[in-house]
Amino acid sequence: MEHDTVRVRIAPSPTGALHLGLARTALYNWLFARGHNGVFILRIDDTDENRNQPEMLAPILDGLRWLGLDWDEGPEKGGPHAPYFQSERREIYQQAVDRLIACGAAYRDYATTEEIAAEREQARAEGRTFRYSRRWMAETAADCARFEAEGRRPVVRLKMPDAGTLVVDDLIRGRVEFDLGLEQDHVIQRQDGSFLYHLTSAVDDALMGITHIIRAEEHLSNTPRQIFILQSLGYPLPKFAHLPYVAEPGSKNKLSKRKLKEYLKKPDFAELLARGEKIARRLGLDTSPELFNPVVIDFYQQTGFLAEALVNYLALLGWSYDDRTEFFTPVELVERFALERVVRSPASFDPNRLMAFQVHYMMALPVAERTGLVLPYLVRAGLVSEPVSPEVRQRVERIVTAAGDRIKVAGDILDYDYFFVRDEELVYDEPAVKKWLGGEQQCRMLARVRELLAGAVQFESEVLMRVLEDFARRENVKGMAVSQALRVAVTGKDYGFGIGDVLSICGKERVLARIDRVLERDRF
RNA sequence: GGCCCCAUCGUCUAGCGGUUUAGGACAUCACUCUUUCAAGGUGAAGGCACCGGUUCGACUCCGGUUGGGGCCA
């Protein structure tokens, strides 16, 4: 057993988005595989015809790739157990169902939905747990013929044992016991011939040689029937590891992208989304909540988060190495990740903590690299044209340096659009204008500062700062009054990084022009 | 309703019977620095859900209660 190659898988449905919870499950599987020299398999659960569209799969593949979770077998890669799309494996499932029927582990059932419902209702009325009576179970070809003569159509059900205990030795949860006498005869094939999840999943896991099933906790209750299928078919059992699910911000409910409205009541979550939307709108991206929200990996990719930050955060959402290490490179994660140290209780998604990781990783990058990350956003917002000239690049680098960790995600560069727009396009924050340039005196002071700056030979940050300080002292005004008046005139806002840097990066000509514009504007 | 899982600061977690006045991180608050906004520095506040056992000793083991969640209906 120990010598077998570790083989793990994730089996997402093509739903159009890579959800945070799935991303974490994928990460844990990937870490486990890489840490054991194993194989990470991607299998697509696209048995639901209605949603089976290629464009719904792309975001999931892109998201996994972006996170660095490369798969060894699966879509685009192929592999020895192809096809990896369940929609293409129907014959395999049919054979499995036939075998299950042949060995008595499953049966054709001709009951109608109404008849089953009636039985269930009766059980409830009598206060006992419902279990199907198998009254319309067909055991022979004659049975089938008879039922079909009545116009009935069969489903295939598992014929679960009447009694007994099934034990799952879960790698994370330990020993979990189930009373087989309480299990239902679940349907594994519908009337229309389509197959149900438990069947396809168990069969594929066996056929693909999966050794460890690492999946979310909600599947724990389903494990007995999958084990029953596996055993009935004569396959060896994989090991199971059921992960706690990822919960909502500030609660223990399972995270769901359908409950976005509720999450928005949480300030942290709302702030994160607002940050993303601000960026996305500038890029002309679709910000409809279905596709663009912090529950979905694509959101982070689009707004300029670093994959390392997400990976580090996700790794720690339900796992820890020790009592203090919080930063891990992917290599360290691979080395240290262990299922035994996965926590058993659900962990809620905390935007703040994620942001803290993002800032850490962002600031760890050299300025040149951060500049490289930020430039595409300027280009896509139409503020910088391609190819990017060395001058522009250097200018952006200066902004990135001056901004420091105000640029938390790459898209935040768009907050500094005032360095790129034409003077007449500059947007002024009216309250700020009113506050710092609303009065006659303030404008007169700005006019004098303008003359001072017009005479400046060197337009560098430190020099300018000294000039402004001297000016404030001489005129007996507060330094802040000077710097803020200038800031509003040049950037339109009353916040931002150091005024010396602002002026210097903006450049003398433009600074003077913008001051003139503001002074002009205020006369009316 | 039945079955299963879970339970340490607001959040993520460390803790695997005594080394613990329960440690770290994020968030929060205060002070400090600062010619704006951030950041930085210093510090504070904040938790073992409850009740029984077992034990010389329980956050740690067992049982129950409560609460939360999941699956099946």
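Lettering follows sequence order; numbering is per chain, from 1. Model, not experiment: these values are computed from the prediction.
In this structure, the nucleotide among rC71(B), rA25(B), rG23(B) sitting nearest to the side chain of R324(A) is rG23(B). Of the candidates rG23(B), rC5(B), rU36(B), rU36(B) carries the atom nearest the Y495(A) side chain, counting heavy atoms from C-beta on. Proximity note for D323(A) (side chain, C-beta onward) versus rG2(B), rU11(B), rG23(B): the nearest is rG23(B). Closest to the side chain of A347(A), out of rU13(B), rC3(B), rA38(B), is rU13(B). Nearest nucleotide to the S345(A) side chain, out of rU36(B), rC6(B), rU11(B): rC6(B). For E469(A), whose side chain is taken as the heavy atoms from C-beta onward, the closest listed nucleotide among rG70(B), rA38(B), rU35(B) is rU35(B). Set against rC3(B), rG69(B), rC72(B), the side chain of Q184(A) has rC72(B) as its closest nucleotide. Across rG70(B), rC3(B), rG69(B), the shortest atom-to-atom separation from the side chain of N253(A) is found for rG69(B). Ranking rA14(B), rA38(B), rC5(B) by closeness to the K408(A) side chain, first place goes to rA38(B).
rA7(B) and rU66(B) make up a base pair, with Watson-Crick or G-U wobble contacts both under 3.5 Å. Of the nucleotides present, none pairs with rC16(B) by Watson-Crick or G-U wobble criteria with both distances under 3.5 Å. Of all nucleotides present, only rG43(B) satisfies the Watson-Crick or G-U wobble test against rC29(B), with each distance under 3.5 Å. Taking a pair to require two hydrogen-bonding distances under 3.5 Å in either a Watson-Crick or a G-U wobble arrangement, rC72(B) pairs with rG1(B).
S133(A) and E119(A) form a side-chain donor-acceptor contact under 3.5 Å, judged by distance and modelled atom types alone. D350(A) and S348(A) share no donor-acceptor pair across their side chains, judged by distance under 3.5 Å alone.
In this structure, R395(A) forms a cation-pi arrangement with F420(A), its terminal cationic atom sitting closer than 6.0 Å to the ring centre and no more than 45° off the ring axis. Remark: R157(A) fails to qualify as a cation-pi partner of Y107(A) under the 6.0 Å distance and 45° angle criteria applied to the six-membered ring.
Only the C1' atoms considered, rA25(B) is 12 Å distant from rC9(B), to the nearest whole Å. rU21(B) and rG47(B): their C1' atoms are spaced 15 Å apart (whole Å). rA27(B) and rG10(B) have their C1' atoms separated by 8 Å, given to the nearest Å. When the C1' atom is used for both rU8(B) and rC3(B), the distance is 28 Å, rounded to whole Å. Nucleotides rA45(B) and rC29(B) are separated by 7 Å at their C1' atoms, to the nearest Å. When the C1' atom is compared between rG41(B) and rA22(B), the two are found 27 Å apart, to the nearest whole Å. Distance noted for atom C1' between rU13(B) and rC6(B): 16 Å (whole Å). When the P atom is used for both rC50(B) and rC59(B), the distance is 10 Å, rounded to whole Å.
Heavy atoms of R487(A) sit under 4.0 angstrom from at least one base atom. Using a 4.0 Å heavy-atom criterion, one finds that D268(A) contacts no nucleic acid atom at all. Residue-level contact check: G404(A) touches neither bases nor backbone, having no heavy atom under 4.0 Å from any strand. Note on M355(A): nothing from the nucleic acid sits closer than 4.0 angstrom, heavy atoms only. Nucleic acid contact for D494(A): base, since at least one base atom lies under 4.0 Å from a heavy atom of the residue. Backbone-only engagement by V343(A) is indicated by non-hydrogen atom pairs under 4.0 Å involving sugar-phosphate atoms exclusively. Residue-level contact check: R406(A) touches the bases, meaning some heavy atom is under 4.0 Å from a base atom. Heavy atoms of E177(A) sit under 4.0 angstrom from primed sugar atoms or phosphate atoms, though from no base atom. Heavy atoms of R341(A) sit under 4.0 angstrom from primed sugar atoms or phosphate atoms, though from no base atom. Among the protein residues, R225(A) comes within range of the sugar-phosphate backbone only, with heavy atoms under 4.0 Å from sugar or phosphate atoms but none that close to a base. The residue R353(A) sits close to a base: some heavy atom pair falls under 4.0 Å. Nucleic acid contact for S483(A): base, since at least one base atom lies under 4.0 Å from a heavy atom of the residue. At a threshold of 4.0 angstrom between heavy atoms, the contacts of H186(A) are confined to the sugar-phosphate backbone, with no base atom among them. Residue-level contact check: Y245(A) touches the backbone only, with heavy atoms under 4.0 Å from sugar-phosphate atoms and none from bases.
The salt bridge (Lys or Arg N to Asp or Glu O under 4.0 Å) test with D412(A) is passed by exactly one of R370(A), R275(A), K278(A): R275(A).
In this entry the distance linking CG of D322(A) with C1' of rG24(B) reads 9 Å, nearest Å. Per the geometry, CD1 belonging to I172(A) stands 17 Å off C1' belonging to rC16(B), to the nearest Å. Look at CD on E248(A): it is 12 Å from P on rC12(B), rounded to the nearest Å. Protein atom CD of E217(A) is 9 Å distant from nucleotide atom P of rG70(B), rounded to whole Å. A straight line from CD1 of I499(A) to C1' of rU35(B) spans 9 Å, rounded to a whole angstrom. Computed from coordinates, the I227(A) CD1 to rC3(B) C1' distance equals 15 Å when rounded to whole Å. The CD atom of Q484(A) sits 17 Å away from the P atom of rU34(B) (whole-angstrom rounding). When the P atom of rG70(B) is taken as reference, atom CG of L243(A) falls 16 Å away, rounded to whole Å.
Side-chain contact between L503(A) and L468(A) is present, with at least one heavy-atom pair separated by less than 4.5 Å.
For N29(A) (side chain) and T25(A) (main-chain N/O), a donor-acceptor pair under 3.5 Å exists by modelled atom type. At distances below 3.5 Å, not a single donor-acceptor pair connects side-chain atoms of R450(A) with backbone N or O atoms of M445(A).
Checking the phosphate oxygens (OP1, OP2) of rC3(B), no side-chain nitrogen or oxygen of T129(A) falls inside 4.0 Å. Listed pair N222(A) / rC71(B) fails the phosphate criterion, with no side-chain N or O lying under 4.0 Å from OP1 or OP2.
Projected onto RNA chain B by closest heavy-atom contact, S320(A) and D405(A) fall at different nucleotides, the more 5' of which corresponds to S320(A). For the pair A403(A) and L468(A), both in contact range of RNA chain B, the more 5′-proximal nearest nucleotide belongs to L468(A).
We find that D205(A) and R43(A) are joined by a salt bridge, their nearest charged nitrogen and carboxylate oxygen being less than 4.0 Å apart.
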